[in-house]
Amino acid sequence: MSPASEPPRPPRAERFGRSMRLRSGAEFDAVFAAKQRSRSGPLLVFGRPNGGPLSRLGLSVGRAVGGSVDRHRLKRLLREAFRTTRTDLPRGFDLLVVIRPHAFLRLEEYRDHLRRAAAGVARAWSRATPDAPSPPERSP
RNA sequence: GACGCUAGACAGGCGACCGCGUCCGGAUCACUCCGGCCGAGGAAAGUCCGAACACGAAAGGACGACGGUGGUGGGUAACGCCCACCGACCCCGCUGCGGGUCAGGGACAGUGCCACAGAGAACAGACCGCCUCCGCUUCGGCGGCGGCAAGGGUGAAACGGUGCGGUAAGAGCGCACCGCCCGGACGGCGACGCCCGGGGCACGGCAAACCCCACCGCGUGCAAGCGCAAGCAGCCCCUCGGAACGACCUUGGCUUCCAAGAGCGUUCCUCACCGCGGUCCGCGGGACAUGGGCGGGUCGCGUGCUAGAGGGCGUCGGCAACGGCGCCCCGAGAGAAAUGGUCGCCACGGGAUCGCCUCGGCGGUCCCCGCACAGGAUUCGGCUUACGUCUAGCGGCAGCA
RNA sequence: UGGGGAUUGGUGUAACGGUAGCACGACUGGCUCUGAACCAGUUAGUCCAAGUUCGAAUCUUGGAUCCCCAG
């Protein structure tokens with residue numbers, strides 16, 4: 001494959017690059033400040049429309065959840081769950097997943113919880129702003 | 001066989017697919033895409049020590065305060081670490097060139113504490129006792145003047161121990177051995193060991209009690225710091241000497257000039273004042289601000305940032321820790337923070353089951369279960385703690401032969 | 001990541017190196033027709049492990065847990 005002849009392509013379905021992550025404290029604060037959230041199992045998901053075509057993921061794992069190894073393992077599992085279910089999730093949302101202390105589950109279960117909670121957040125937004133069926137673009 | 005001490009090794013492996021991070025090359029509007037290299041630990045941990053590095057006005061010297069360390073010698077960049085040795089204590093039908101443990105300076109510099117029990121607990125003391133003598137006697141003893149501290153008893157600890165002599169009974173009162181103290185010789189760099197002589201014994205324990213002695217240590221820590229960009233708003237308090245020059249102003253005079261005075265500007269000085277760790281020296285700033293107290297702004301990017309007191313092998317020196325020399329090797333540098341997921345096979349541990357069978361193991365099958373402790377964040381050297389195995393050496397113990 | 005502090009019954013707190021107290025609570029009994037109050041009694045603790053000491057909640061070392069601060 002010669003790169004020069006290939007035109008640049010958009011990100012494929014199961015990628016997980018920088019454009020799909022929350023990357024600063026300000027972005028995290030904005031999502032928290034929107035105060036729209038939904039819970040499923042050990043996952044508490046905050047959400048806020050970001051005006052773009054892609055949804056972005058942020059993770060918050062407190063020290064009560066476990067040691068460094070456990071916390072990083074959970075973040076990897078949640079990233080994997082986000083990566084593989086991205087097409088099923090609502091588009092154009094910043095999703096902030098807070099993981100609460102619990103007995104650890106398997107990847108499928110985290111995937112289900114993530115899907116359910118993210119859908120809940122999207123419903124909450126459509127209720128809060130009935131005029132805009134699609135995610136509104138505004139800054140608080 | 002389990003255990004103790006010591007030393008070393010590993011930290012499941014292979015494959016497929018989907019992914020992640022830095023860097024390099026290329027494409028691109030892009031935080032995207034393509035390709036390539038590399039990508040967690042023995043403890044990365046706790047942050048308990050030691051350093052490198054950085055800033056604090058040179059963070060320079062002396063003293064003090066505070067903190068730390070504590071047998072000796074060596075190793076090291078350094079250490080509270082490591083090695084060797086010494087000493088004390090413990091273990092042994094093996095008594096050794098044995099094994100184990102030790103925060104192991106000083107208790108005649110001073111202060112303090114030693115509860116309860118006990119007669120007496122620190123220049124000690126006499127409860128039960130022992131003994132001479134005197135008196136009484138119901139002949140069992142009782143009382144008294146004295147002598148004594150061996151035995152009993154209390155205690156964690158009772159003012160040298162054991163034995164013999166000695167004595168009314170006793171006592172280092174005398175002697176022997178041991179211990180202790182003092183002096184000396186020899187061996188050792190030294191801690192110390194060993195020997196000789198002297199002294200009848202005075203000198204309890206606790207310094208992980210205060211303390212004394214010796215040695216070491218400035219503070220803060222990569223969120224240190226340096227640079228770039230962006231951005232705002234300053235105010236109050238304390239203090240305010242001198243010299244030269246300059247222009248201006250006021251007053252006076254013998255009016256192109258001179259003298260005095262108030263403030264201003266520039267430069268300089270040091271003695272106020274301030275800073276450099278509490279003081280001093282020394283140094284710096286300096287009549288400005290610093291400083292003290294409020295208030296406001298930013299919180300982005302780059303750098304520090306990873307090759308180092310680095311590892312491996314060989315050789316030489318050394319008992320060893322370690323060091324010299326030669327050759328070879330290169331190992332994450334993120335920034336809401338990278339190693340993951342799924343599947344297959346194998347390995348390991350456990351379970352179930354079948355077979356063999358020397359009754360304790362071996363082999364097969366199943367797939368249900370498990371596969372420790374744990375994840376870089378400036379970097380090294382240690383210590384400590386957590387934890388799954390394997391191997392070797394030494395040691396005593398238990399069982400069997 | 002770095003720095004600082006704390007830990008004593010269920011809770012809040014005392015204790016020169018010498019017997020672990022106090023208050024509230026809980027439980028039992030009494031008083032009352034019943035309950036409260038009151039009275040009497042009981043329960044239960046030094047975060048863990050080593051060490052120093054005759055003796056440790058206290059001193060030393062290591063560990064655990066929790067809290068706070070910088071950012």
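Keep in mind that the numbers below use all heavy atoms, side chains included, and drop hydrogens, waters and symmetry copies. Just so we're on the same page: letters track the sequence lines, and every chain starts at 1. Here the structure is a predicted model, which means the values were calculated and not measured.
- By the 30° and 60° cut-offs, the orientation of the rings of A:Y110 relative to A:H102 is perpendicular.
- Regarding A:R73, its CZ atom lies at a distance of 13 Å from the C1' atom of B:G375, rounded to whole Å.
- Put simply, A:L44 and A:I99 are part of two different groups of oily side chains (I, L, V, M, F, W, Y) that touch within less than 4.5 Å, one to the next.
- With a cut-off of 3.5 Å on both pairing distances, the Watson-Crick or G-U wobble partner of C:U1 is C:A70.
- B:G93 takes the syn form, because its glycosidic angle lies no more than 90° either side of 0.
- Using C1' as the reference atom, C:U11 and C:G25 are 8 Å apart when rounded to the nearest Å.
- Taking the P atoms as reference points, B:C369 lies 13 Å from B:G344, given to the whole Å.
- With B:G376, B:G340, B:A374 as the candidates, the nucleotide lying closest to the side chain of A:S68 is B:G376.
- If you check B:G340, B:A336, B:C31 against the side chain of A:R83, the one that comes closest is B:G340.
- Checking B:A62 for Watson-Crick or G-U wobble geometry (two distances, each under 3.5 Å) identifies B:U279 as its partner.
- The glycosidic torsion of B:G140 lies within 90° of 0, which places this base in the syn conformation.
- Map A:G67 and A:E80 each onto its nearest nucleotide of RNA chain B; the residue landing nearer the 5' end is A:E80.
- The partner of B:C235 is B:G293, by the rule that a Watson-Crick or G-U pair needs both atom distances under 3.5 Å.
- Looking at A:R21, its side chain does come within 3.5 Å of a backbone N or O of A:F16 through a donor-acceptor pair.
- Separating the P atom of B:G155 from that of B:G160 is a span of 23 Å, rounded to the nearest Å.
- Taking atom C1' on both B:A230 and B:G265, the two are 36 Å apart, rounded to the nearest angstrom.
- For B:G160, the paired nucleotide is B:C178, the pair qualifying as Watson-Crick or G-U wobble because both relevant distances are below 3.5 Å.
- Atom CZ of A:R37 sits in a sparse spot, with 12 or fewer heavy atoms from other residues, nucleotides or ligands closer than 6.0 Å.
- Comparing A:L77 and A:S60, the nucleotide of RNA chain B nearest to each residue sits closer to the 5' end for A:S60.
- Nucleotide B:G297 carries an anti base; the chi torsion (O4'-C1'-N9-C4 or O4'-C1'-N1-C2) is more than 90° from 0.
- Here A:D112 pairs with A:R115 in a salt bridge; the nearest charged N to carboxylate O distance falls below 4.0 Å.
- Per the geometry, CG belonging to A:L78 stands 15 Å off C1' belonging to B:G19, to the nearest Å.
- With C1' as the reference atom, B:U379 and C:G71 are 22 Å apart, rounded to whole Å.
- Between the C1' atom of B:A336 and the CG atom of A:L95 lies a distance of 15 Å, rounded to the nearest Å.
- Summarising the geometry, the separation between CD on A:E27 and P on B:A337 is reported as 10 Å, rounded to the nearest angstrom.
- Here the straight-line distance linking atom CG of A:L95 with atom CG of A:L89 works out to 6.5 Å at 0.5 Å rounding.
- Of the nucleotides present, B:G21 is the one that pairs with B:C38 by Watson-Crick or G-U wobble criteria, both distances under 3.5 Å.
- For the pair A:I99 CD1 and B:A336 P, the interatomic distance rounds to 18 Å; values are reported in whole Å.
- Base orientation for B:U220: anti, the chi torsion being more than 90° from 0.
- Out of B:C20, B:G376, B:G341, the shortest distance to the side chain of A:F16 is found at B:C20.
- For A:R21, the side-chain atoms get nearest to B:G21 when compared with the rest of B:A338, B:G341, B:G21.
- Of all nucleotides present, none satisfies the Watson-Crick or G-U wobble test against B:G155 with each distance under 3.5 Å.
- With B:C31, B:G21, B:U339 as the candidates, the nucleotide lying closest to the side chain of A:R76 is B:U339.
- As the counterpart of B:G4, B:C394 is assigned, both hydrogen-bonding distances of the Watson-Crick or G-U wobble pattern falling under 3.5 Å.
- Between A:R79 and the phosphate of B:A338, there is a side-chain N or O to OP1/OP2 separation shorter than 4.0 Å.
- Taking atom C1' in both C:G18 and C:A56, one finds a spacing of 10 Å when rounded to whole Å.
- Annotated as syn: B:A40, whose O4'-C1'-N torsion sits within 90° of 0.
- The partner of B:G50 is B:C380, by the rule that a Watson-Crick or G-U pair needs both atom distances under 3.5 Å.
- On the P atoms, B:C14 is 31 Å away from B:U32, given to the nearest whole Å.
- B:G193 and B:C85 are spaced 13 Å apart, taking the C1' atom of each and rounding to whole Å.
- Atom pair A:L54:CG and B:U32:P shows a separation of 10 Å (rounding to whole Å applied).
- Taking atom NE2 on A:H72 and atom C1' on B:G335, their separation rounds to 12 Å, with Å as the unit.
- Interatomic distance, A:D94 CG to A:L22 CG, rounded to the nearest 0.5 Å: 5.0 Å.
- Taking atom NZ of A:K75 as the reference point, atom P of B:G375 lies 14 Å away to the nearest angstrom.
- Checking each of A:V98, A:L105, A:L114 against A:L43 for a side chain to side chain contact (heavy atoms under 4.5 Å, CB included) leaves exactly one that passes, namely A:L114.
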